[in-house]
Amino acid sequence: MPVFLYNTMSRSLEAFEPLHDKEVGLYSCGPTVYNYAHIGNLRTFLFEDLLKRTLLISGFKVNHVMNITDVGHLTGDGDEGEDKIEKMANQSHKSVWDIAQFYTDAFFRDYDDLHMIRPNVVCKATDHIQQMIDLIKRLEEKGHTYVSGGNVYFSIDSIPDYGKLARLDLDSLKTAVRDDVSSDDNKKNPKDFVLWFTKSKHGEQAMMWDSPWGKGFPGWHIECSAMSMHYLGESFDIHCGGIDAIPVHHTNEIAQSEAATGKPWVKYWMHGEFLLDETGKMSKSKGEFLTLDLLKRKGYDAMDYRYYCLGGHYRSQLKFSFEALDTARKARKNVQDRIQSLLREGAKKVPLTSEKALQYQATFLEHVQHDLGSPRGLADLWGVLKDEALDCDERYTLIMFFDQVFGLGFASVELPEREDFPSEALALLEKRLQAKKEKNWQLADRLRSELDAMGYRVKDTPTGSSLEKKM
RNA sequence: GGUGCCAUACCCAAGUGGUAAGGGAAAGGUCUGCAAAACCUUUAUACAUCGGUUCGAAUCCGAUUGGCACCUCCA
């Protein structure tokens with residue numbers, strides 16, 4: 001069963017075939033480390049993790065490279081722009097290196113919390129300045145560049161197919177439509193973009209390097225081209241990122257990469273849709289800055305957010321709300337409760353042999369291999385949890401198999417231990433049991449509400465009473 | 001102005017031309033001293049509207065209405 005993926009380049013579903021049999025070169029656009037990631041940023045990384053896990057379970061070997069943008073990502077265009085990290089450093093009176101390190105660390109804490117499998121290579125832009133300079137030199141030799149106003153520009157008119165990924169109609173595009181972006185008069189074509197800056201209105205920066213064009217710093221797009229080719233070769237399989245990267249960032253990456261090598265660069269382009277909030281696109285400046293840390297402070301688990309994201313397809317916009325997150329939390333908890341009751345029955349992993357179990361496995365794979373159909377996969381999970389034709393071991397085994405794709409940590413679900421509860425709560429529970437025996441319902445009910453006030457729910461079963469921490 | 005996407009039950013949300021997944025919520029029932037939990041059952045003659053193609057459309061085409069994103073900060 002092949003894996004079908006939606007390729008932005010062809011705007012259609014394609015059977016996935018890597019360039020080199022079962023080895024996949026995967027490059028994902030990493031974070032710009034000037035601030036915390038918000039949960040919308042994280043959704044894109046979760047999509048990429050889902051992609052990687054789906055490829056892994058389908059028998060591919062994945063070589064995953066992700067960049068860290070720690071220089072060159074400007075707040076605006078041309079020499080108007082200010083480096084995002086430099087700006088943050090100035091505001092907080094820290095060095096740019098400290099800022100980059102701080103937010104890189106914060107990013108990977110979220111990454112780990114969300115059970116995302118770390119990339120094989122994480123590369124920082126500032127460690128690959130030489131590769132970028134070399135790439136710009138190649139472009140220069142082939143006549144794709146010009147120097148104007150002190151900066152090196154890529155000339156989009158030097159290639160025949162600029163904008164093919166986004167299907168841009170160059171004649172009808174407006175430039176600088178947004179109020180906060182002004183056009184750059186140094187450009188021959190307003191769509192040209194900077195490869196190397198030596199001039200910035202904001203003057204000397206902390207991050208500057210010598211180059212054949214003078215002391216300066218790289219443009220934003222060049223880092224992904226230089227590093228991806230450095231680690232994955234001049235042609236590789238999959239490049240992914242957020243949907244916003246299509247018209248500019250990825251368009252420019254393709255232009256400069258293919259102009260430099262003369263070869264097709266990336267075989268499959270994949271893009272994750274946005275997570276929206278009530279106001280529309282999620283932002284770091286307006287409204288509540290929704291970080292994973294904030295969700296955790298509000299009492300959610302990182303896995304609640306992961307479950308929430310899996311419930312929607314990666315190519316659909318998802319409108320975030322705490323109500324929706326509550327739903328995901330409840331659903332995930334219900335899954336865990338069911339796993340616990342399987343464990344109570346002594347569930348263990350076994351080889352799957354029954355026709356029914358194998359059918360579930362095949363159906364699940366078909367769903368996730370169909371352009372990462374995680375919502376269908378979750379429905380399959382519920383099917384397994386509820387299907388009494390499966391025995392306890394089969395169900396447990398299937399759940400563990402599915403979780404290789406979900407990454408929801410179901411393998412670490414264990415039976416709750418009584419010791420998890422404070423002794424005073426257990427003492428109250430014991431007293432209530434006694435009161436019940438004596439048919440002292442008043443006392444029993446009072447003890448139950450006391451426990452409730454402490455945050456514990458009493459569950460009476462035929463075999464006795466137990467506690468459960470309320471959410 | 002250009003480009004792309006979306007409108008499915010109370011809410012979230014899948015749907016790959018063949019007769020509407022799943023979750024949450026709610027209601028009824030079983031159980032219970034009463035609750036809670038658990039378990040069972042129920043909840044879309046139909047997928048924004050109007051046309052068209054087809055034996056057959058939520059799925060394809062066109063128009064209309066409403067919403068969103070992008071067009072050099074952006075995941």
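Convention: sequence-line order gives letters A, B, ...; per-chain numbering from 1.
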Peer 1: Determine whether any donor atom in the side chain of A/Arg448 lies under 3.5 Å from an acceptor atom in the base of B/C34, or the reverse, and answer yes or no.
Peer 2: yes

Peer 1: Of the nucleotides B/G15, B/A75, B/A21, which has the atom closest to the A/Ala379 side chain?
Peer 2: B/A21

Peer 1: Strictly below 4.0 Å: does A/Lys319 bring a side-chain N or O up to OP1 or OP2 of B/C12?
Peer 2: no

Peer 1: Tell me if a side-chain donor or acceptor on A/Lys187 pairs with a main-chain N or O of A/Asp192 at a distance below 3.5 Å.
Peer 2: yes

Peer 1: Identify the residue among A/His64, A/Arg306, A/His115 that makes a side-chain hydrogen bond (donor to acceptor under 3.5 Å, both in side chains) with A/Asp49.
Peer 2: A/Arg306

Peer 1: Can you check the distance between B/A26 and B/A21, where both ends of the measurement are the P atom (answer in whole Å)?
Peer 2: 23 Å

Peer 1: Does any N or O donor sit under 3.5 Å from an N or O acceptor when you compare the side chain of A/Asp445 with the base of B/A35?
Peer 2: no

Peer 1: For nucleotides B/A46 and B/U59, find the distance between their C1' atoms and express it as a whole number of Å.
Peer 2: 13 Å

Peer 1: Measuring to OP1 and OP2 of B/G23, would you say a side-chain N or O of A/Asn334 lies under 4.0 angstrom away?
Peer 2: no

Peer 1: Applying the 5.5 Å / 30° rule, does A/Trp441 stack onto the base of B/G33?
Peer 2: yes

Peer 1: When you check the phosphate oxygens OP1 and OP2 of B/A38, does a side-chain N or O of A/Lys386 lie under 4.0 Å from one of them?
Peer 2: no

Peer 1: Select one nucleotide: of B/A36, B/G33, B/C71, the one nearest the side-chain heavy atoms of A/Arg457.
Peer 2: B/A36

Peer 1: What's A/Arg338 touching, base or sugar-phosphate or nothing? Going by heavy atoms closer than 4.0 Å.
Peer 2: sugar-phosphate

Peer 1: Should A/Lys356 and A/Asp387 count as an ion pair when the cut-off is N to O under 4.0 Å?
Peer 2: yes

Peer 1: By nearest atom, which of the nucleotides B/G24, B/C34, B/G4 is closest to the A/Arg11 side chain?
Peer 2: B/G4

Peer 1: When the nearest nucleotide of RNA chain B is assigned to A/Gly40 and to A/Trp382 on a heavy-atom basis, which residue is associated with the more 5' position?
Peer 2: A/Trp382

Peer 1: Starting at NZ of A/Lys436 and ending at P of B/A36, how long is that distance when rounded to a whole Å?
Peer 2: 14 Å

Peer 1: At under 4.0 Å between heavy atoms, what does A/Phe274 touch on the DNA or RNA strands: base, sugar-phosphate, or nothing?
Peer 2: base

Peer 1: If you pin A/Ala331 and A/Leu276 to their nearest nucleotides in RNA chain B, which one's is more 5'?
Peer 2: A/Ala331

Peer 1: Given B/A14, B/C71, B/U16, identify the nucleotide with an atom nearest to the side chain of A/His313.
Peer 2: B/A14

Peer 1: Can you confirm if the NZ or CZ of A/Lys188 lies within 45° of the ring axis of A/Tyr146 and under 6.0 Å from the centre of its six-membered ring?
Peer 2: yes

Peer 1: Please tell me whether A/His370 and A/Glu366 have a donor and an acceptor in their side chains that are separated by less than 3.5 angstrom.
Peer 2: no

Peer 1: Can you identify which nucleotide, out of B/U16, B/A69, B/A36, has its nearest atom closest to the A/His370 side chain?
Peer 2: B/U16

Peer 1: Regarding A/Tyr300 and A/Asp326, do their side chains bring together a donor and an acceptor under 3.5 Å, going by distance alone?
Peer 2: yes

Peer 1: Is A/Arg432 touching bases, backbone alone, or none of the nucleic acid, heavy atoms closer than 4.0 Å?
Peer 2: base

Peer 1: Where the side chain of A/Leu318 is concerned, which of B/A13, B/A14, B/A75 is the nearest nucleotide?
Peer 2: B/A13

Peer 1: When you check the phosphate oxygens OP1 and OP2 of B/A38, does a side-chain N or O of A/Arg344 lie under 4.0 Å from one of them?
Peer 2: no

Peer 1: Would you indicate, yes or no, if B/A14 has its OP1 or OP2 atom less than 4.0 angstrom from a side-chain nitrogen or oxygen of A/Ser316?
Peer 2: yes

Peer 1: I want to verify a distance call: between B/G33, B/C40, B/A69, whose nearest atom is closest to the A/Glu388 side chain?
Peer 2: B/C40

Peer 1: Out of B/G33, B/A25, B/C12, which nucleotide sits closest to the side chain of A/Lys330?
Peer 2: B/A25

Peer 1: Across the strands shown, which category fits A/His249 at heavy-atom distances under 4.0 angstrom: base, sugar-phosphate, nothing?
Peer 2: nothing

Peer 1: Answer with base, sugar-phosphate or nothing: what part of the nucleic acid does A/Gly272 contact at a heavy-atom distance below 4.0 Å?
Peer 2: nothing

